[in-house]
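All ligand and atom numbering here is 1-based and tracks the order in the structure. Bear in mind the structure is a predicted one, so any value in this text is a computation, not a measurement. Index from 1, following the sequence.
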Amino acid sequence: MRIYREKNYDAMSERAAQIIGALVLQKPDCVLGLATGSTPIGTYQRLIGAYEKRILDFSNVKTVNLDEYRGLDGTNKESYRFFMNHNLFDHINIDKANTHVPDGLAADGAAAGRAYDEMMVDLGGTDLQLLGLGQNGHIGFNEPGQFIAGTHVVKLTESTIKANSRLFDDISQVPREAITMGMRGIMTSREILLVANGPKKTKALEAALYGPITPDVPASILQLHPNLIVVCDEEALPQMQ
Ligand code: GLP
């Protein structure tokens, strides 16, 4: 595990963007696993900046996203497809046909999960998976309780519904279910980049990096990954152990 503990959010975002940008430069047809949430927004802004300066070219890049709310279609502004278009894809030269987000509208969630996993295998696997961190230690929408291998439908915990309600008009509008890449999809990525900032993430980050490997803290499984890079700020990790 390699940890970059940066001064603040901007420095964290800069570092994360450099790591992703370096991969895009070295492997222009790479497969990027992407994440939603507030944490990676600064990273995406810097990738957009590098594209605008003609440093980065995304025309051959492919992406797979971690998760999507169930019941929201891609035009809904709270959906993760909308988030990705709005915060990254609409501003770079990526072919949208090469961008993948789990289907939140699929009637048969299990079949949609299997299809997503097959699609990832067909792409040759992910070169780098970007991950945010839930306050309860979740990654993607893999909630505490069990490690599930494949892409699957999940019932969101009350704490996640509450944490994510800030982005909705009202907590009642937060979907109760999501479809998320499972631990196989995440852990088979050749490299993993975990980003976390702010004091709300300290407990989860310390448990993930230094605690026992347990499904009660889904991100703790990352300790087993041979190529884990953590980029955080000082508030999220007051002390390195
Ligand atoms: C959501 C997403 C996660 C994300 C987490 C943290 O629940 N499903 O992938 O990592 O939120 O979000 P934030 O970065 O806004 O704290």
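- A continuous path of ILVMFWY side-chain contacts below 4.5 Å connects M84 to V61, so both sit in one hydrophobic cluster.
- For atom 2 (C) of ligand 1, the nearest protein heavy atom (residue, atom name, distance) is Y80 OH, 3.6 Å.
- Each of L66, V154, T180 was checked for a side-chain contact (heavy atoms from CB on, under 4.5 Å) with N142, and the lone residue meeting it is T180.
- The closest non-hydrogen atom to atom 14 (O) of ligand 1, taken over N136, L66, T157, T39, comes from T39.
- Every pair passing salt bridge (charged side-chain N to carboxylate O under 4.0 Å, His left out) that includes a residue from residues 70-96 is listed here, sequence neighbours excluded: R70-E177, D90-K96.
- Taking every heavy atom of F141 and a limit of under 4.0 angstrom, the matching atoms of ligand 1 come to 7 (O), 8 (N).
- For G140, a nitrogen or oxygen atom sits less than 3.5 Å from a nitrogen or oxygen atom of ligand 1, counting backbone and side chain alike.
- Between the side chain of N65 and the backbone N or O of P102, no donor-acceptor pair lies under 3.5 Å.
- One finds the CZ atom of F58 at 13.5 Å from the CG atom of D29 (value rounded to the nearest 0.5 Å).
- Counting only heavy atoms of the protein, atom 4 (C) of ligand 1 lies nearest to T36 O, 4.0 Å.
- With a 4.0 Å cut-off on non-hydrogen atoms, K201 touches ligand 1 through its side chain and not its backbone.
- In this comparison of A196, G37, G132, the heavy atom closest to atom 10 (O) of ligand 1 sits on G132.
- Within the listing of ligand 1, atoms 2 (C), 8 (N), 9 (O) sit less than 4.0 angstrom from a heavy atom of D67.
- Y69 meets the ring pair (Phe, Tyr, Trp, His ring centres under 6.0 Å) test with Y80, F141, F168; sequence neighbours excluded.
- Each of the following atoms of ligand 1 lies closer than 4.0 Å to a heavy atom of H138: 1 (C), 3 (C), 5 (C), 7 (O), 11 (O).
- By the 4.0 Å heavy-atom criterion, R166 is counted among the residues contacting ligand 1.
- Counting heavy atoms under 4.0 Å from ligand 1, residue L131 does not touch it at all.
- In terms of heavy atoms, L133 sits closest to I139 at CD1-CG2, 4.5 Å.
- Scanning the protein for heavy atoms near atom 6 (C) of ligand 1, the closest one is L133 O, 3.5 Å.
- How far CG of L222 is from CD of Q129: 10.0 Å, rounded to the nearest 0.5 Å.
- The shortest non-hydrogen separation linking N98 to H100 is O-CD2, 3.6 Å.
- Backbone and side-chain nitrogen or oxygen atoms of S38 are examined, and one is located within less than 3.5 angstrom of a nitrogen or oxygen of ligand 1.
- Every heavy atom of K200 sits 4.0 Å or more from the atoms of ligand 1.
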